[in-house]
Amino acid sequence: MAQRFLLGARHSQKEQKERAPALPRELRDAVAVRGDMFSPAYRSSQVKAGFSLKETIRRLRREGQDLAPPYYDLGVAFWLLLPGARSYAPEAVFRRFLEGRAWEGSAANIYDALAVSARELARQGLTSVFRDIEMQVLPILAAMELRGIAVDTAALSSLERSLRKELAQLEQSIYREAGMRFNINSPSQLSEVLFQKLGIRQRGKSAKKTPGGMRSTRAAVLEELRDEHPLIPLLLHYRESFKVYSTYVRGLQNFVGEDGRIHTEFVQTGTATGRLSSRRPNLQNIPSTSRWGKEIRAAFVAAPGYSLLSFDYSQIELRILAFLSGDARLREAFLQGKDIHAVTAAKIFQVDPSRVTPEMRRMAKVLNFGMNYGMGATSFARESGLSRGEAQEFIEAYFREFPQVRQWQEKVLQEARAKGYVPTNTGRKRPLPGLRSLSPRAAAEAERAALNYPIQGLAADIAKLAMIRTSQKLRARGVWEKKAFLLLAIHDELLFEVADDIIGEVAPLIAAEMERVFPLGEIPLVVTVAKGKRWGALEKVHFPRGTR
DNA sequence: ATTGTAAGCCAC
DNA sequence: AAACGTGGCTTACAAT
Ligand SMILES: Nc1nc2c(ncn2[C@H]2C[C@H](O)[C@@H](COP(=O)(O)OP(=O)(O)OP(=O)(O)O)O2)c(=O)[nH]1
Ligand SMILES: [Mn+2]
Ligand SMILES: [Mn+2]
């Protein structure tokens, strides 16, 4: 299937010429941008074409210069044509899409890649997503990376001391219970200690193996063995603390810059669905739930005189599912302002919806999305604590309640099998060659990805539109990158740093803009707002009626 | 010393 | 570990 997206290789030069429509004038007149150079043309209104334009923009802005829009980023262009590849670096792109031509870093190379990608984007109906979404987001990401987010390093150091102490004690307790010293961080050594030396086994259950044939020691397995040996709860505790220590406390400290801020990199070509990813460090997976998690988040702070403002779409993918499937009852639930995550939590935990805790609701999220994207009864049972039979019945009841969701899924799969790819409402598409795999496992895996893609992909576009529109609004007010800074995009959440004296003005503005970026028919997009001096201690903001 | 893979786990 | 999906990071361990 990937062949369909390979360009040029199958055609002779002559055929190419006959088929290739002329490039629009603005692209023929594009300026080739090489990352290590500067040209007065960078200030012109011509299209700037090149690889890694975000990095070029960052470099130029650091040097007091800039790269004027409009942009044409070649890596992003080829990513839209074939999302999910490992690399969109020039060498990889030329190898895959411009066979026969090698990347030499020349302007001619850039024009070649521009011509090939632009024609194919147009042919596949991707021009609008590319130009109106991706190329608008690009300079916003550059600004976010340059700004960074402030970190309370003293808080992190204090956390490091606490965790060191706790880990040292846990380590000793674990050695004592095991009757020997070993590397707790080595799953193979731990597996041997647990299942050979101590002979721990779950009565009447088969051994859980990793793909490598080892007996698994992951948390889900240890959780089931919790009562079988006093070592197990110690290990679970150790695992959680060590994760926080190694990845978040020690790891993050290494990324704090001279300016006291962490500057993540947002990868625009990092996912197959249109989401962004974040790396070096990843600031999209900072812990949020556990006790340690809260403390880690509390180490991310606003600059003096500023506050952090968080805007998160409520139940975003469930609303999109209601919109796409048209399911009458799911739509009705959202028209009535229902919180489906809370409803599911209330059913699972058998409490009144008003008494659902944040932890219960987070668990319900996993179950709700799990059901919609193909989770089995066994996994549902483990996640929920229900028996396998109860889990099976719960899933069936869910699809009885929302029958049009199933119908929509069947339709998505049919079209996906016929076309070999899945589209989103914005025109983005993802090829899924696995759908035609002869391996039932691989085919089933591709089917689940196909069910997820139209929803996660549209959610990604909504979040990107939110970045674009809110930045435009703030720019019109004269505060963008002056008194209001976008710091992070966490999938369906935008985290701003805003001067205290304009919070009352811009918070309703941002929320209102986010709620209008993509109307889902009658289904409202709802944004939850929270603010505070520390990310780990935000308080919900309520707007008076009619202010947005 | 560097690179790649497996296992595991954090977030959305 | 299992019929949720999308990611990135750390450690251990083997291969280079
Ligand atoms: N497949 C899957 N998708 C998830 C999972 N967790 C989050 N997502 C996706 C779907 C969510 O709508 C989206 C945003 O995550 P959030 O944590 O903001 O949850 P959501 O918006 O649904 O609820 P909220 O009202 O914000 O608490 O990310 C998950 O466990 N599985
Ligand atoms: Mn949300
Ligand atoms: Mn969110």
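Just so we're on the same page: letters track the sequence lines, and every chain starts at 1. Keep in mind that the numbers below use all heavy atoms, side chains included, and drop hydrogens, waters and symmetry copies.
Applying the 4.0 Å criterion to OP1 and OP2 of C/dG5, one finds that A/Arg448 has a side-chain N or O inside that range. Residue A/Ser216 has a polar side-chain atom (N or O) positioned under 4.0 Å from OP1 or OP2 of C/dA1. Distances shown here put a side-chain N or O of A/Arg239 below 4.0 Å from the OP1 or OP2 atom of B/dC9. Distances shown here put every side-chain N or O of A/Arg280 at or beyond 4.0 Å from the OP1 or OP2 atom of C/dG8. Using a 4.0 Å cut-off, no side-chain N or O of A/Thr271 falls inside it from OP1 or OP2 of C/dG7. In this model, the phosphate group of C/dC4 is approached by a side-chain N or O of A/Ser379 to a distance below 4.0 Å at OP1 or OP2.
A/Arg279 comes within 4.0 angstrom of sugar-phosphate atoms only, judged by non-hydrogen atoms across all strands, and of no base. Among the heavy atoms of the strands lying under 4.0 Å from A/Val366 is at least one base atom, whether or not backbone atoms are also near. Counting non-hydrogen atoms under 4.0 angstrom, A/Gly374 reaches a base of the nucleic acid.
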Annotated protein contacts, base or backbone, on nucleotides 11-16 of chain C with a non-hydrogen cut-off under 4.0 Å, one of B, S, - each: SSS---
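The two residues A/Val412 and A/Ala450 make their nearest non-hydrogen contact at CG1-O, 3.7 Å.
Residue side chain A/Lys243 reaches the base of B/dC9 through a donor-acceptor N/O pair under 3.5 Å, judged by distance alone. One can find a donor-acceptor pair under 3.5 Å joining the base of C/dA1 and the side-chain atoms of A/Glu224.
In the region residues 287-295 of chain A, proximity to DNA chain B at under 4.0 angstrom, judged on heavy atoms, holds for A/Pro287, A/Ser288, A/Thr289.
Ring centroid separation for the pair A/His341 and A/Phe369 comes in under the 6.0 Å cut-off.
At a threshold of 4.0 Å, the pair A/Glu359-A/Arg362 does not count as salt-bridged, since none of the basic side-chain nitrogens sits closer than that to a carboxylate oxygen. Remark: A/Glu192 does not engage A/Lys197 in a salt bridge, criterion side-chain N to carboxylate O under 4.0 Å.
At least one donor-acceptor pair under 3.5 Å links the side chain of A/Trp79 to the backbone N or O of A/Thr271.
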